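The structure displayed is predicted, hence computed values, not measured ones. So that the names make sense, note that chain A is the first sequence line, chain B the second, and so on, each numbered from 1.
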There are 2 protein chains.
Amino acid sequence: MDRTGRYHLGMPVPKGSTIDPERTRAAILKAATPVLYERGLDGIGVAELCALIGVSKETLYRHFGTKDGLVEAMLQARSERVSRWLAEAVAAAGDDPRDQLAAVFDTLGEWYEDPVFRGCAMVNAAAQHHIEAVRAVTARHLGRYLDLLTGVAERAGAADPPLLARQLLMLVEGATVVAAHHGAAGTGEQARQAALALLSAAAGSGGGRGGGG
Amino acid sequence: MDRTGRYHLGMPVPKGSTIDPERTRAAILKAATPVLYERGLDGIGVAELCALIGVSKETLYRHFGTKDGLVEAMLQARSERVSRWLAEAVAAAGDDPRDQLAAVFDTLGEWYEDPVFRGCAMVNAAAQHHIEAVRAVTARHLGRYLDLLTGVAERAGAADPPLLARQLLMLVEGATVVAAHHGAAGTGEQARQAALALLSAAAGSGGGRGGGG
DNA sequence: CCGAGATCGTACCGATCGGTTCGATCTTTT
DNA sequence: AAAAGATCGAACCGATCGGTACGATCTCGG
């Protein structure tokens, strides 16, 4: 032991407060998220993960209890983060629901082009684990997307907003799968065109434009 | 050792031929496929898998070399089987491309309702493993779907058949993801409606019906 | 200045994993 | 009848896994 000391995730500890109870947890989550996303939940062991993110196993286990606990917390945080990210893109797109929908797929399209893109982390996780909590996080995640898309569908005056929203959700998740496993080039734009076509069809043949509100 | 003997996967050996060289391999694949699909590729060990399907580890390893070898062979066989299954549904739907497209999603919809449905096995596998061979099988699988849908798009006289086919592929994979993780009820029909709407839009605004041969 | 507590690195644990080996049994071939 | 070869069950192997324990270090509250 000639080099102990200097701990806490390599981050300088702010002089105030009690070494931060929640901060360590948040820092672990932030550092572990991209590693677990790239390597896969079962593609890396706790020991290697800890070494990569610079935290001891004891600290990780005290904050998350088990590896599954870490995974669940990570997925939950990631779901909330990307949902908020997409919602902000919609909010920034103005009042026209067509622009809002286009913003969704433009945002996704940028993500697809990212070299680290490996598909939806929540869907990937649910696809490989039977853990009920993981599946629940994924279902909730899709629910968030559905809510966002339902709002767009309603504002667009779709005849059946829940139906259109679910169809758009399929397009979102399908574009993500196709981009991950069959090439990302152009996928965002192709999906955007399809989404706008669906919206036009739903608004045109159904309830027309300018839904009450 | 009071009960050795009586081997070969519990299947009665036909009296002719050399105990079947290929037959054992096919039988292992057939038996292992649903187990690996339900439990997940990493969710079951080779020992338990062998016990469940009634084959010894030595036999399995002689036929497939490694667990990854078994996985690849299984995914390859499954991809060919389900692609053929979908192609046959299309072929049985008559000459109208709209009927053919509807048949695709009706067929998928039935699959979604199956209690053992857990999403697309190839996509699930690629989502959890970095193994290049697995990712290749998945890419090829999506390519088969794309070929099928391209044929439909061409026969429908779409203005841009490759574009429409890729959008329909997103719908297929998206419906599969949504059915797996957000409830299967109605997903097939909802996706079918969306697909037909996309086809109408692509044919209507683009090249009209009866695309040139 | 001294205890409480968070963190570190390392060693350790039992379980499980993928994969190999071996003796015995049964079938087919020669 | 004897050789060849496929299969079985079980034992075995080294590696890795998730998780725990321990002694040491550092910070903070009192």
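Counted by atom type alone, A/E72 and A/Q76 present zero donor-acceptor pairs between their side chains at under 3.5 Å. With no hydrogens or angles considered, no side-chain donor-acceptor pair links A/S79 and A/R140 at under 3.5 Å. No hydrogens or angles considered: a donor-acceptor pair under 3.5 Å links the side chains of B/R166 and A/T187.
A/F64 has its CZ atom 16 Å from the C1' atom of D/dG18, to the nearest Å. Rounded to whole Å, the distance from CD on B/E58 to C1' on C/dA24 is 12 Å. Atom pair A/E48:CD and D/dA15:P shows a separation of 17 Å (rounding to whole Å applied). In this structure, B/R25 atom CZ and D/dT7 atom C1' are separated by 17 Å, rounded to whole Å. Look at CG on A/D42: it is 10 Å from P on D/dC17, rounded to the nearest Å. Per the geometry, NE2 belonging to B/H63 stands 19 Å off P belonging to C/dG18, to the nearest Å. In this structure, A/R23 places its CZ atom 15 Å from C1' of C/dT7, rounding to the nearest Å. A/L49 places its CG atom 15 Å from the C1' atom of D/dT16, with the value rounded to the nearest Å.
Listed candidates were C/dA6, C/dG19, D/dC8. Nearest to the side chain of B/K67 is C/dG19. Of the candidate nucleotides C/dT7, D/dC8, D/dG19, C/dT7 has the atom nearest to the side chain of A/T59. Distance from the side chain of B/T66 is smallest for C/dG19 among the nucleotides C/dC8, C/dG19, D/dT7. When distances are taken from the side chain of A/Y61 to each of D/dG9, D/dG18, C/dT7, the shortest belongs to D/dG18.
A/R118 forms no cation-pi arrangement with A/Y37, by the criterion of a distance under 6.0 Å to the ring centre and an angle within 45° of the ring axis.
Going from atom CG of A/L163 over to atom CD of B/E189 covers 9.0 Å, rounded to the nearest 0.5 Å.
At a cut-off of 3.5 angstrom, counting only N and O atoms as typed in the model, there is a donor on one side and an acceptor on the other between the side-chain of B/K57 and the base of C/dG19.
At the phosphate of D/dT7, OP1 or OP2 sits under 4.0 Å from a side-chain N or O atom of B/T24.
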